[in-house]
Each structure stands twice: as structure tokens, then as C-alpha cells.
Amino acid sequence: MRPSIESIVALKPDLVIASTASQLEQFVRNLDQVGIPVYVSNPQNIDGVLSSIDSIGELTDTTARASGLTKELRGRIKAVEIRVAGAARPRVFLILGREPLITAGGGTFISDIIARAGGQSISSNEKAAYPQYSLETVVAQRPEVILIQDGERELPDRLQQTPAAREGRVYHFDDGVLLRPGPRIVNGLEQMAAKLHPELFGRE
Amino acid sequence: MNVTDTPNAVRHIASANRVTLAQLVVALTLLALLVIVLAVIATAVGSEHVSLASISKIIIAGITGRSADVTPEQQIIIAEIRLPRVLMAVVVGGALSVAGAAYQALLRNPLADPYILGVSTGAAVGAIVSTVFAESIPVGRPLAAFIGAVLTITAVYALGQGRRGEASERLILAGVITNTFLSSIVIFMLTAASGSRLRSIFSWLIGDLSGEPRLLGLVTVFVMAGIVVIYMNARALNLLMTGEEEAVALGVEVRRVKITVYLAASLITGAAVAVSGVIGFVGLVIPHAIRLVGGSDNRLVIPASALAGGALLLAADTVARTIIAPRELHIGVISALIGGPVFIYLLRRTS
């Protein structure tokens, strides 16, 4: 993304909050020169989301509301973690793209959510964020749950014999809830936990 | 490279070092063995280990129609993932190389190949159109790719005509421009159709063989038929390479041969692109390498290109799917990395 500095200055903002932008450093420096403060928030996991909510609360003099929100969110996260603690962790495979097969690596947001929801992602050892992945590795790892990003079509033919497909545990997910760093991420965590552990949360 | 000079290939053919049947048999046998050895290696390696014993059990069971005593995962990995992909690489590599050899002979231009002329990208446009609008018709994708390829080569040929007949650099420039134009159409269509799915766009434009092998049988039939048709015109192409007037004088039905070979080359390009996206370089490098080693008699160049192209793409794809396993690379990257140095070596060795 390449935001227009001119349009931003014309709006006379008291604070600019940015996640990513092309040439982010130059962008921040330019706004700094005209006296507009910039807060860069690009959390990579759930803890990062909570701390950026707190920071934005401080920056906007709404500390009380922010900490109220993070307290509530922390409580909900804790509740999920307590429920899944000790349960068997199903092997999960995530499909972000079907042809070619794209998944998410270990350092990503969604990988954190899968882990906290009591699952283990097949590709969690992968360092690249969104690698093109080997289909035969997926077959060999026998995923018990497969998650497909909304908008991608049905499961690839050659994953039809995986435990996930045979047991009807292939789910589509909404990327707005699972991939965007905001308070809704906790809804995503709760939905994920329910899908990974229907025995603990009951089928929806 | 100065494309207006009489190309090496043409000079070669003018002095017509015709191959004998014995030379042809030896060369094709050696290349076929190379393909078989590579196919065995490619089937044996992958991101997951499957023992050679299990692989042979699966193949024997496949031939005899019984079920093999292996895990279901091993069965899927070998029979449904690796073997179809090995075959796909050979078919696509053979198709692109023969198409390259055919275009080079027809256009009497050493730089002609399905990628540089824009034919591959034209085929990709056709394939994507059919995927977006008529996904349920299996034959639609290679057919639409064929139509895209024919329209592109016709447009490039028309654009490449100068006032004084064909001009080499005009033709190549027309191809380069057409290719760029069509690449933009590919990006536009995929962005509009599926909301900025960049990885999918990238796969179409640089080539990828990891897709579902549903079309493999159909594409193999198209490619085999096209190669046979081009091979049947090999002698006529030899004469055509010395010059159109000379060919006419020697009794070649130039118009019929040209149209037939154009259509056949476009058919096999379209069929290959429909399952692999646009893989550059193979169609340029392989026929050249064959000519440098074995002379430019098309009766050798065409079948030898089919086998050598299959071998190169198979090697490239095997590297692409194993070198950073379980991640995969795009095959186009590897085919260029292997093909480039090989080509330079051959060029320097003979000149």
C-alpha cells in the first residue's frame, strides 16, 4: 500500500496508526517532519494484538476502555486455553491456496491461533510465512482437521483420503476473523477451538 | 545476437548434414534411456521417503490391477502424486521443445519459441478464460488454450510481416510485445476473477506442475498427435529452412505444410500450457542443443527434442519439488537455471 502523504496532511490528524505501508520508515519520517505522530502496529500473534490495544488506549487517552477490553479478551483466551489444556492436539493443515498449494508457516498469526486453540499445525516448523507446500507431505502427515480459506473451492482430490476428509472435519474459514489482527481475533480463536475440539465445546 | 544475419541453423541445413537411420536410432535410444533413468529417480525421491520396495510393489500392483501391500498414504503419494507429475513433466517438456523446433524451422529464426513468440501466454489466456467461464468441461481447457495459441501465432505472424515480406527482427519484436500484452491480460483476468490471488497469477506466468493431473490423459493424446503430425512434415521443413522458393521448386506444398505445422505446434503448446502454465526457455534451448550436437535435420531434431525436452523438464521439476522440501519452487526458475549453463556450454564447445 502506498498512502498519499498529501491527503493525510490535509486531513490534519492528531495521530496516524499504520500497520504496513511501502517504505514504512520513509513514510513515518515524512509525517514526523510535519509534526504528525505515527504509531506503527503490526502484531504477529495474539499477545501482540492485546498489547497494541493497550498502547492505542494510552495514545488516545482511553486507557480505561482499552484495559477493560484487553481484560475481557484475556479472560476469554484463558477460558479457551484452560478447556483445551490436556486434550489431544489434532494435526491441522491449513489451505490458503489450492493450486498451487499454499499454507501458513510457523511465525504467522493463524499458526498462533491454531496452537492456542489446542491444535498442531503440520507446517508449524516452516520458517517462510506463506510457503508453497508439498502435497505428498500433507498426505503423509495424515491431517485430522483441514481448514480451507473462504473463496477457495473444495478440498483437492488427492486429500480426499486423509483422516480429516473421511471424518468430515474439513472446514472453511473466514479470513476476516482469522487473519486480521484486531479484537475479533478472539472470536476466531473460540471458533477454532470449537472446530478442533468438538468433544469439549459441543458441535455447533 | 544479430537476428538479421543468416542464422546458424539455416546455414547448417543448407549444407544439409542428413542423419542416417542408424544415427537416428542410436540417438533416440540414448535419449529414451535418459528419460527412463530420470523417471525412475524422480519417482523415487520426494519430500516424503517411500522405499524402492514399496514403489515397485505399487507399480506392479497398478499394472496387474491388484492392490499393493503398502500404506494408503504411500499408495496415494506414488500413484496419484509422483507418477502423474513425472509423466506431466515429460509430456510438457517434450511438447514445448517440439513446438520450439517447429516454430524455428517455419519462421527460419533461431529465436523463435512458444514463449518468446507469446504463443504460450496466449494459450494461458485461453486456458484461464475456460477455467473462469466453463470449468466443468474438461476438454475445454486444452482446447481454449489451443485457440489462444493459434490466435496469438496468427497475430504475431501478421504483425511481423514487413513491406518486403518476413523480417526476423520484426517478428521477434511482435512476439515480445504480444507476450507482454498478453501477460497483462492474464494478470487482469486473474485479479478480476478471484480478487488478487497473486500466487495463482505467478503460477500461470512462470509455470508449475503441482496441479491436479485430471487432464493428463487428454493432454498426452493431444501432444502425441501433434508431435506425429510435425514429424511427418520433417522433410518438408528441412527444405523450407533453405528458403521458401527453393522448397516450392523442389515440390513442397509450402502453404499446406506451413498451416499444418503451425496448427500442430499451437495444439501441443496449448495442451502443455493448459496443465503447466507458461514455462519459458525449454522450447528455445532444447532444439538448439540438439542441432549443435546432431545437426539440423528435422527428422532428428523433432523426435530428439521431444525426448530431451521431457528429460530437462523432468529433471527441473524433480529439483523444484525436492530442493527445499517440504516447500516447493516454481519449475520455471529451475528450468532456466539448468538450461542456461547447459546451452552456453554447448554453444562454446562447438564454436
Side-chain angles (χ1 to χ4, degrees), chain A residues 1 22 91-108 111 121-144 146 148-167 174-176 179, chain B residues 43 45-50 54 70-85 127-128 131 135-136 190 193-215 275-277 320-333:
Chain A
M1 224 181 11
S22 63
R91 288 184 303 280
V92 180
F93 185 66
L94 181 79
I95 298 178
L96 296 175
R98 191 165 169 257
E99 278 191 26
L101 190 64
I102 307 292
T103 190
T108 54
S111 164
S121 164
I122 285 174
S123 53
S124 61
N125 290 330
E126 200 47 65
K127 286 193 189 70
Y130 299 104
Q132 180 172 341
Y133 209 68
S134 162
L135 190 61
E136 64 179 69
T137 295
V138 183
V139 169
Q141 291 288 318
R142 302 169 47 85
E144 293 156 285
I146 294 178
I148 306 180
Q149 181 168 4
D150 266 355
E152 269 301 332
R153 294 161 305 165
E154 72 286 8
L155 191 67
D157 283 351
R158 292 171 290 182
L159 295 180
Q160 296 291 357
Q161 294 305 315
T162 51
R166 278 187 315 218
E167 285 154 32
D174 177 357
D175 58 356
L179 299 178
Chain B
T43 311
V45 299
S47 62
E48 295 301 314
H49 174 75
V50 182
S54 302
V70 294
T71 68
E73 285 75 29
Q74 290 176 330
Q75 175 73 31
I76 291 175
I77 288 172
I78 299 301
E80 293 182 37
I81 299 178
R82 276 192 213 162
L83 280 174
R85 190 160 172 170
I128 294 166
T131 311
E135 213 191 330
S136 52
L190 289 172
S194 51
S196 126
R197 295 248 294 280
L198 290 174
R199 299 297 280 265
S200 164
I201 292 172
F202 199 60
S203 281
W204 273 107
L205 290 181
I206 199 166
D208 181 62
L209 287 169
S210 70
E212 290 193 358
R214 230 173 315 161
L215 293 172
V275 289
S276 70
R321 67 183 170 80
T322 53
I323 192 165
I324 52 167
R327 294 178 62 191
E328 291 193 357
L329 275 174
H330 284 276
I331 184 175
V333 178

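Because only heavy atoms are used, hydrogens play no part in the values below, and waters and symmetry mates are left out as well, while side chains stay in. In the text below, chain A, chain B and the rest are named by the order of the sequence lines, each starting its count at 1.
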Give a yes or no on whether the backbone of I77(B) and the side-chain of E136(A) come within a donor-acceptor separation of less than 3.5 Å.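 No, the answer is negative, given that no donor and acceptor are paired below the 3.5 Å cut-off.
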Hey, does the side chain of E212(B) reach the backbone of D157(A) with a donor-acceptor pair shorter than 3.5 angstrom?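 Checking the backbone N and O of D157(A) against the side chain of E212(B), a donor-acceptor pair under 3.5 Å is found.
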Measure the spacing between [atom1] of [X] and [atom2] of [Y] and express it to the nearest 0.5 Å.
X: I324(B); Y: Q132(A); atom1: CD1; atom2: CD; value: 8.5 Å
X: R327(B); Y: L101(A); atom1: CZ; atom2: CG; value: 13.0 Å
X: Q141(A); Y: E48(B); atom1: CD; atom2: CD; value: 6.0 Å

Nearest atoms (heavy-atom pairs only) where R158(A) meets S210(B):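 Nearest pair, atom of R158(A) first, then S210(B): NH2-O, 3.4 Å.
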Over all atoms of both residues, closest heavy-atom pair of E328(B) and S134(A):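 It is OE2-CA, 3.6 Å.
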Contact class of [X] relative to chain A, heavy atoms under 4.5 angstrom:
X: I76(B); result: side chain
X: R321(B); result: side chain
X: P72(B); result: neither

Tell me, with the steps shown, if V139(A) and E80(B) meet side chain to side chain contact (heavy atoms under 4.5 Å, CB included). CA-CA 11 Å; V139(A) 169; E80(B) 293 182 37; over 6 Å; no
